[in-house]
Every structure is written in structure tokens, then in C-alpha cells.
Amino acid sequence: MKRVVVCCYGTRPEFIKMAPVVLELNKRKTVTPVLICSGQHEELLSGLDKIFDLTVQINLNVRKKIGSTTNLSLLTEGVHAGFAEVLGRIKPDAVLVQGDAASTFLAALAAFHQHIPIFYMEAGLRTHDLDQPFPEEAYRQMTTRISKILFAPTKINKHNLTNEGIASNRIYVVGNSIVDSVDYIKSQFRKIGIKKLRRQYYPWLPNDSKEKLIVVTIHRRENQGVVLDGILRALIKIRRDNPSNLFVFSVHPNPEVRLSVYDKLKNVSGFTLINPPLYQKFLVLLSCAQAVITDSGGLQEEAPSFEIPTIVVRKKTERVEGVRSGWSILAGVSEPGIIRAFNSLNKWRKPKGGNPYGDGKASMRIAKMIYEKI
Ligand code: UDP
């Protein structure tokens with residue numbers, strides 16, 4: 001009899017990392033994956049399923065009920081109630097969740113209440129500080145407690161879990177499936193050619209190779225308000241001192257972020273502000289870039305696949321593998337720290353040993369394990 005695995009997600013990074021696993025599960029005759037979206041990110045998810053040629057079976061459309069509010073309690077109520085109802089109706093054999101979003105934890109909690117085993121991808125990332133990132137660090141820790149099987153991307157992540165008392169035989173070190181997603185999209189690029197895609201998607205990008213392209217994304221809650229103002233001031237100073245750099249800023253739809261970024265950078269020379277391109281198109285931009293400045297988790301993991309450094313504008317990162325191997329520079333959020341980190345790129349050399357987050361086979365390992373354990 002076919003076993004049903006409900007794959008729950010709600011945000012862009014969850015889908016990007018889960019998609020290759022669903023593709024792998026689809027290859028197995030005895031497992032049926034069912035994709036359920038909470039709709040936590042509405043705009044940012046639109047069209048992503050088509051890129052991976054996947055069908056989302058159910059969308060809880062939580063934003064239609066709660067609107068674009070950033071109130072976490074309202075989001076929690078809507079997402080939890082939605083997942084609980086659907087899981088009660090489908091009664092799956094297992095639930096798959098990924099990462100640290102509200103949708104991750106609330107889908108897991110709904111499954112836990114109904115005694116449905118939880119398989120948890122990207123387990124064991126920690127800063128050990130509940131404010132960094134907020135609220136994601138708490139969601140990770142709570143999802144860990146109630147999961148049956150934990151897929152840790154790296155040995156460091158496994159170590160974090162065993163330190164918290166999670167039994168070793170419930171943890172599998174598999175790599176991060178984001179590397180698989182990047183490989184999947186890159187294989188599509190090869191068919192068309194990156195130069196052609198660049199002209200098609202970004203005709204306004206200068207052809208002059210002397211101009212360095214720096215991709216910027218900032219969105220975390222702890223980086224909003226005065227912190228974001230400081231980060232933007234640092235970027236303006238960096239550009240003033242490095243006029244041959246072009247900063248392309250993908251501006252997150254969060255209303256607070258948008259307001260600050262447009263207010264401070266709209267008319268500053270050297271900055272191009274864009275709405276977040278869909279994944280495939282965004283990876284074309286990364287292919288053309290010389291560096292990334294970001295507070296994103298996924299970007300820290302993807303940049304090594306494009307052989308470019310990442311300046312992490314956060315006080316702490318759970319992605320220590322990149323920092324230790326030299327792919328990432330943890331800049332902090334102060335103006336001098338960010339400027340210093342940027343200037344250090346002059347001496348940056350590509351680290352040896354490839355992407356420290358995975359080898360492109362994580363999704364195969366995860367699907368195999370689900371198939372065996374379900
Ligand atoms: N991303 C994208 N378009 C953009 C910016 C980011 O497709 O304009 C992708 C990026 O490549 C990565 C993911 O979104 O795979 C990261 O999402 P985000 O930064 O929102 O979340 P985090 O990774 O910090 O949880």
C-alpha cells in the first residue's frame with residue numbers, strides 16, 4: 001500500500017529546499033508526497049512550483065484570512081489551525097518539515113498533536129540565542145524536540161543536536177538540499193547559456209567587466225528599524241569609496257524593509273533596487289555577481305556554489321561552516337564592521353574543498369531514509 005508523506009511549508013526557502021526531496025520521493029512507487037502550503041509567504045512563493053515542475057495540492061491561503069500582518073500570534077493561529085484541519089482529514093503516514101519558519105514549527109506541532117511521525121530537514125542549526133534570529137531560533141529548537149527523524153546538513157549540526165540530548169540514532173547527516181536545488185537550476189542554465197539569460201533577465205546590467213556586481217538582500221526582523229538604517233549607511237559609504245561597484249538590492253516585500261530601503265537608497269547612484277526575482281532569475285543574478293551582502297540563511301549556503309564570498313550582516317550566524325572555511329565573513333551590523341568586511345574582500349581567495357553545506361545529493365539521501373523509515 002502507498003504511504004502518504006505530507007510535505008508542509010509556507011515560505012520561499014522552505015519550498016526551495018523541499019522541492020528536490022519531493023522530486024526524489026515522486027520517483028518511489030510506494031510513497032506519495034502531498035505538498036501543502038500554508039501561504040505564509042504569498043508573493044515570494046508565486047510561480048516557484050512551476051520552476052521545479054511540482055504541483056501544490058493544497059494551499060491554506062493563510063494570508064487571505066489574516067492579511068499581510070507581521071503579528072506572529074495571528075500568523076501562528078491561522079497556520080496551526082489550517083495544518084491541523086488538513087492533517088486530520090488526510091491522516092498521512094508522516095509529515096515532512098524543513099528549517100525554521102513559523103510554518104515549519106506549526107505544521108510539526110499539528111502533526112505532533114495527532115501522533116503523526118515528523119521527519120525534520122535542516123535540523124541542528126543553532127546560534128543558541130533566542131533573539132538571533134528571532135523567532136526562528138526558537139522554532140528550530142521546538143521542532144527538534146517533537147521530531148522523530150532529524151536530517152542534519154552537517155556534522156556540526158549533528159553535534160548541536162546530540163549536545164541537546166537527541167539520540168544519535170535519530171540523526172542523519174545528509175547535506176543541505178539547497179545545494180541540490182542550485183544544481184537543478186544550473187543544469188537548466190547550461191541548456192540556454194548564462195550570457196543569454198543575463199541579457200534576457202537583466203538587460204540593464206552593464207557589460208563592462210570592470211564594474212563589480214554586488215547582490216544585496218536584508219530582511220530579518222532583528223535587522224529592521226535603526227539597525228537597517230545603519231546597514232544602509234554602511235552600504236552608501238562603501239559605494240562612495242568603491243565607485244566601480246554596482247549594488248543590486250533585491251528588496252524583500254516586508255513593508256518595513258521596503259519603506260526604509262526605498263527611502264534611503266532610491267536616489268543613490270550605484271544602487272539598483274529590484275523586486276525579488278523568482279528563484280531561477282535570482283540565481284542568474286548570483287551567477288553574474290562578485291559578492292553577496294546578506295542576512296539570509298539560504299544565500300550563505302548558495303553563494304559557495306557560485307564561487308563567490310558572502311558578507312553576513314548579522315551579529316551571529318548558525319551557518320558557521322561558511323565562516324570557518326572562508327566562504328563567509330561575519331561582519332556584524334555596525335557601520336565600521338560592515339565596511340571592514342567589505343574591504344577585506346580585496347584579499348579574499350576562493351577556499352578549497354567546494355560548498356561546505358552539501359554535495360548535491362542530500363535530497364536523494366533524505367528520500368531514501370523516509371522510504372526506509374516510514
Ligand atoms: N531568493 C530568491 N529571490 C530573491 C532573493 C532570494 O529566489 O530575490 C532565494 C535565495 O536564492 C534563497 C532563498 O530565497 O534560496 C532565501 O530566502 P530568504 O533569504 O527569504 O530566507 P532565509 O534563507 O534567510 O531563511
Side-chain angles (χ1 to χ4, degrees), residues 9-20 40-52 70 97-105 121-122 125-127 132-140 143 153 176-186 188-189 197 201-202 213-224 247-254 257-258 261 272-289 292-306 308 310-314 316-319 322 328 355 357-358 362-363:
Y9 73 99
T11 63
R12 177 175 62 187
E14 285 169 275
F15 186 82
I16 289 170
K17 291 169 175 177
M18 205 174 256
Q40 182 182 341
H41 278 176
E42 206 174 23
E43 259 170 82
L44 294 178
L45 281 169
S46 147
L48 254 183
D49 46 346
K50 303 282 173 307
I51 291 182
F52 289 91
T70 50
V97 294
Q98 139 72 42
D100 56 18
S103 297
T104 311
F105 171 59
M121 295 168 55
E122 202 180 75
L125 279 70
R126 293 288 184 273
T127 60
Q132 302 275 337
F134 177 87
E136 290 86 357
E137 176 72 12
Y139 291 155
R140 291 172 186 149
T143 307
N176 196 309
S177 59
I178 201 163
V179 181
D180 311 21
S181 294
V182 172
D183 289 353
Y184 179 87
I185 304 287
K186 270 185 162 179
Q188 298 177 355
F189 290 173
L197 286 166
Y201 291 146
Y202 304 101
L213 171 64
I214 315 292
V215 173
V216 186
T217 81
I218 312 280
H219 73 283
R220 308 224 84 88
R221 266 174 198 258
E222 60 274 17
N223 276 351
Q224 290 169 19
F247 292 82
V248 177
F249 200 135
S250 162
V251 189
H252 197 274
N254 178 294
V257 174
R258 279 192 85 78
V261 173
T272 302
L273 310 182
I274 57 172
N275 288 329
L278 204 55
Y279 192 47
Q280 193 185 22
K281 196 170 163 185
F282 185 67
L283 293 194
V284 171
L285 193 63
L286 281 190
S287 303
C288 307
V292 180
I293 300 179
T294 192
D295 60 5
S296 159
L299 267 166
Q300 292 172 64
E301 296 154 349
E302 288 167 334
S305 290
F306 293 91
I308 53 174
T310 302
I311 292 180
V312 183
V313 280
R314 287 176 55 182
K316 294 177 183 171
T317 180
E318 56 296 290
R319 272 98 176 162
S328 307
N355 191 325
Y357 296 103
S363 46

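Atoms within a ligand are numbered from 1 in the order they appear, just like the ligands themselves. Predicted, not measured: the structure shown is a model, and the values here were computed from it.
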Original post:
Judged by atom type as modelled, is there a donor-acceptor pair below 3.5 Å linking the side chain of Asp295 to the main-chain atoms of His219?
Top reply: yes
**OP:** Please determine if Glu136 and Arg220 form a salt bridge, counting it only when a charged side-chain N lies under 4.0 Å from a carboxylate O.
**Re:** yes
Subject >> Distance-only donor-acceptor check, side chains Gln300 and Ser328, under 3.5 Å >> reply: no
**OP:** Identify, with sequence neighbours excluded, every residue that meets salt bridge (Lys or Arg N to Asp or Glu O under 4.0 Å) alongside Arg126.
**Re:** Glu164
Subject >> Geometric cation-pi criterion, Lys17 with Tyr9: 6.0 Å, 45° >> reply: no
One line per pair, note the atom names and distance for all nitrogen or oxygen contacts under 3.5 Å between ligand 1 and the protein.
residue: ligand 1; atom: 3 (N); partner: Arg12; partner atom: NH1; Å: 3.3
residue: ligand 1; atom: 3 (N); partner: Pro277; partner atom: O; Å: 3.0
residue: ligand 1; atom: 8 (O); partner: Ser250; partner atom: OG; Å: 2.6
residue: ligand 1; atom: 11 (O); partner: Glu302; partner atom: OE1; Å: 2.7
residue: ligand 1; atom: 11 (O); partner: Glu302; partner atom: OE2; Å: 3.2
residue: ligand 1; atom: 14 (O); partner: Arg12; partner atom: NE; Å: 3.0
residue: ligand 1; atom: 15 (O); partner: Glu302; partner atom: OE1; Å: 3.4
residue: ligand 1; atom: 15 (O); partner: Glu302; partner atom: OE2; Å: 2.6
residue: ligand 1; atom: 19 (O); partner: Ser296; partner atom: OG; Å: 2.8
residue: ligand 1; atom: 20 (O); partner: Arg12; partner atom: NH2; Å: 3.0
residue: ligand 1; atom: 23 (O); partner: Ser296; partner atom: OG; Å: 3.4
residue: ligand 1; atom: 23 (O); partner: Gly297; partner atom: N; Å: 3.4
residue: ligand 1; atom: 23 (O); partner: Gly298; partner atom: N; Å: 2.7
residue: ligand 1; atom: 24 (O); partner: Arg220; partner atom: NH1; Å: 2.9
residue: ligand 1; atom: 24 (O); partner: Gly297; partner atom: N; Å: 2.8

Original post:
Going by atom types only, do Glu122 and Gln98 share a side-chain donor-acceptor pair under 3.5 Å?
Top reply: yes
